[in-house]
Amino acid sequence: MPLLFRRVKDLRNHLRSLRCDKGFSIGFVPTMGYLHEGHEALIRKSKVQNDVTVVSIYVNPTQFGPSEDYDRYPRDLERDMALCEDLGVDVVFAPPDEEMYPMGFQTEVYVKGLSDILEGKFRPGHFKGVATVVLKLLNIVQPDRAYFGEKDYQQLKVIETMVRDLLLPVEIVPVETVREPDGLACSSRNVYLSKEERESALSLYRSFLVAEDLISKGERRAEVIKKKMEEFILSHPHVTKVDYVEITDPDLRPKERVEKGDRILLAVWVGSTRLIDNWKVSL
Ligand code: PAF
């Protein structure tokens, strides 16, 4: 079993001795738990690149809006610990709220611009919550490398920018999105979907194939591609709303004409579940 820590002080003491006395390198995988194959890929990569792998499991309240799914977000520490054991994780950090947000907590991290577009428009305050908790976790663990999935592409960009701007001594390692065999991107929120909704949720992945097909036939106008994708997604039962379909360059600047390496990002409601996904244009 991995060692389980609940308190910042205890984890710091343990990691200090691994880092300073033994000279071990530390890889860090921050998560909100209910681990899936996407997390597995992050953990496996950390295991290859570091002597010690630390996983945090913390459902961070500050990144959820008031009407979002904080209360029903899936939680199962026992199951997560068993999975971490199978994967050879060395340390799990699962703090209670009062450890992460002590009384009188006043400080937030805001990555301007990037936090306010796409997801940020629909989830005001979300990336402030993410950047703040990730900075705190990085300060606690002080890893050599930290691993983030491209599934949350905008989150990855926000964190890369924060690390660059605040001169944090950590390497951010992006890991490609892991998909189920039928194309659905792995996500802890997939458990909310009924069988029928899951079938309609495949329209997100398949809309990327629609886009690739249009592009391979010579279409380059982002507006046309986005419109076709949206129509395709909305033609599926249980899809209640498309929040956005956007095409950007790798740094999330909107594009009018599509090129290789651009990103297509979308957020879609299937039943009462909001799903996000993104795709790198391959041409
Ligand atoms: O991607 C997640 O699971 C969360 O946003 C993160 C990075 C663990 C911060 O709470």
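Counting convention: from 1, in listed order, for ligands and their atoms alike.
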Original post:
Regarding R75 and the six-membered ring of Y70, is the cationic atom NZ or CZ under 6.0 Å from the ring centre and inside 45° of its axis?
Top reply: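 Ring-cation test returns yes.
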Subject >> Cation-pi check, R263 onto Y153 ring (under 6.0 Å, within 45° of axis) >> reply: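 Ring-cation test returns yes.
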**OP:** Would you mind listing which atoms of ligand 1 come within a distance below 4.0 Å of any non-hydrogen atom of T31?
**Re:**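 By the 4.0 Å cutoff, the relevant atoms are 8 (C).
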**OP:** List every atom of ligand 1 that sits less than 4.0 Å from any heavy atom of V133, numbering the atoms from 1 in the order shown and giving each element.
**Re:**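 Selected atoms, number and element: 9 (C), 10 (O).
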Subject >> Residue, atom name and distance, where the atom is the protein heavy atom closest to atom 7 (C) of ligand 1 >> reply: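 Here the nearest protein heavy atom works out to Q155 NE2, 3.5 Å.
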**OP:** Could you check atom 10 (O) of ligand 1 against the protein and tell me its nearest heavy-atom contact, residue, atom and distance included?
**Re:**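 Protein heavy atom at minimum distance: Q63 OE1, 2.6 Å.
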Original post:
Between atom CD1 of I26 and atom CG of D51, what is the distance when rounded to the nearest 0.5 Å?
Top reply: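 Interatomic distance, I26 CD1 to D51 CG, rounded to 0.5 Å: 9.0 Å.
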Subject >> Sidechain N-carboxylate O distance under 4.0 Å for E231, K228 >> reply: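 Answer for the salt bridge query: no.
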